[in-house]
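Remember, it's 1-based here, ligands and their atoms both numbered in the order they're listed. Computed from a prediction, not measured in an experiment: that's the story for all the values here. Sequence positions, counted from 1, serve as the residue numbers for this chain.
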Amino acid sequence: MQLIYAPASPFARKVRVVAIETGQASEIELIDATGISPVNPTEIVTRLNPLARIPALLNEEGQLVIDSRVICEYLDSRHVGHRLIPDADSKQRWQSLTLAGVAEGILDTAVPLRYETALRPEELRWTQLIDSQFNRINHTLDYLEPNAAALGEDVCIGRIGLACALGYLDFRFEEFTWRTTRPGITAWYRDFSNRESMMQTVPY
Ligand code: BEZ
């Protein structure tokens, strides 16, 4: 299989963490599309994915699998070990998928925010939008904080998503000091970040 990714992409990181956690990393050839952005779709990504987005997976049959959530589910369906997406009859399923949705929402806010603050010419930046997006991320982290103790150590798609989202905030928004008022998520993230899969995929 081939995975088009960029080391900076939190969506691709999620997929790589899932690949490592499910023992499939050695079956995946990584193709680095560093430099991709909404204004620089890059030739390799555009050729493979009409949406010009990463991650994109080409499976062993040469079929394209796109959208990080779909690729994660695809990989999870291909192994026999502990399911990262709990089965339909599991009590944890909706909790895990909801956390995955929350994490996805943080990233759907943070990545455009990065483009808004780093890529868009300064004179065209819209501070009201920037503030509103940071508020949205803050509210979401506040919502998670009281339940941080319940996040636990077990690895699942929701926790992987949250860890990749927090990792992206640290990577791209150093000045965004999300830890100050959130000791619970801070401690959880510190422990989760020690997983081999997280350490092997630190963004750069
Ligand atoms: C980034 O550089 O922040 C980035 C790169 C690819 C996808 C998403 C984010």
Side-chain angles (χ1 to χ4, degrees), residues 1-21 25 28-58 64-75 99-122 124-127 129-138 140-141 157-179 185 189 192-193 197-204:
M1 291 184 281
Q2 292 180 315
L3 180 72
I4 322 297
Y5 85 114
S9 164
F11 300 106
R13 187 181 190 190
K14 247 181 359 179
V15 168
R16 291 166 64 215
V17 169
V18 166
I20 295 167
E21 292 286 351
I28 298 176
E29 180 194 350
L30 293 173
I31 299 177
D32 191 340
T34 290
I36 186 172
S37 77
V39 290
N40 180 33
T42 75
E43 195 276 325
I44 179 154
V45 181
T46 312
R47 185 155 34 90
L48 291 170
N49 179 358
L51 290 166
R53 293 176 73 176
I54 54 166
L57 182 85
L58 277 180
L64 179 66
V65 185
I66 49 171
D67 187 301
S68 63
R69 287 164 292 194
V70 179
I71 303 173
C72 288
E73 189 164 350
Y74 177 74
L75 293 177
L99 184 59
V102 169
E104 196 76 9
I106 294 174
L107 287 179
D108 284 344
T109 309
V111 172
L113 195 46
R114 163 73 183 167
Y115 296 141
E116 185 69 32
T117 52
L119 212 56
R120 189 187 287 274
E122 204 159 352
L124 298 179
R125 286 184 199 154
W126 188 8
T127 49
L129 177 69
I130 294 170
D131 292 347
S132 160
Q133 299 293 65
F134 274 119
N135 280 341
R136 188 189 296 232
I137 295 172
N138 266 318
T140 307
L141 296 178
I157 197 66
R159 292 169 193 149
I160 291 171
L162 179 59
C164 292
L166 295 173
Y168 187 73
L169 295 178
D170 282 350
F171 174 53
R172 285 304 191 203
F173 304 99
E174 234 177 281
E175 72 294 352
F176 182 63
T177 51
W178 61 266
R179 288 174 176 78
I185 311 176
Y189 178 61
F192 200 90
S193 299
S197 59
M198 291 295 292
M199 291 194 293
Q200 279 186 31
T201 57
V202 171
Y204 59 89

Measure and list all N/O to N/O distances between ligand 1 and the protein that fall under 3.5 angstrom.
from	atom 1	to	atom 2	distance (Å)
ligand 1	2 (O)	Arg172	NH2	2.7
ligand 1	3 (O)	Tyr168	OH	2.5
ligand 1	3 (O)	Arg172	NE	3.0

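- Scored by the salt bridge (charged side-chain N to carboxylate O under 4.0 Å, His left out) test, Arg172 finds no partners at all (sequence neighbours excluded).
- Atom CD1 of Ile106 is separated from atom CG of Asn138 by 10.0 Å, given to the nearest 0.5 angstrom.
- Formation of a donor-acceptor pair under 3.5 Å by the Arg125 side chain with backbone atoms of Arg120 is found in this model.
- A heavy-atom distance below 4.5 Å is not found between the side chains of Val15 and Ser9.
- Arg179 has a carboxylate O that lies under 4.0 Å from a charged side-chain N of Asp170, or vice versa, which qualifies the two as a salt bridge.
- In this structure, the side chain of Arg13 engages the main chain of Met198 through a donor-acceptor pair within 3.5 Å.
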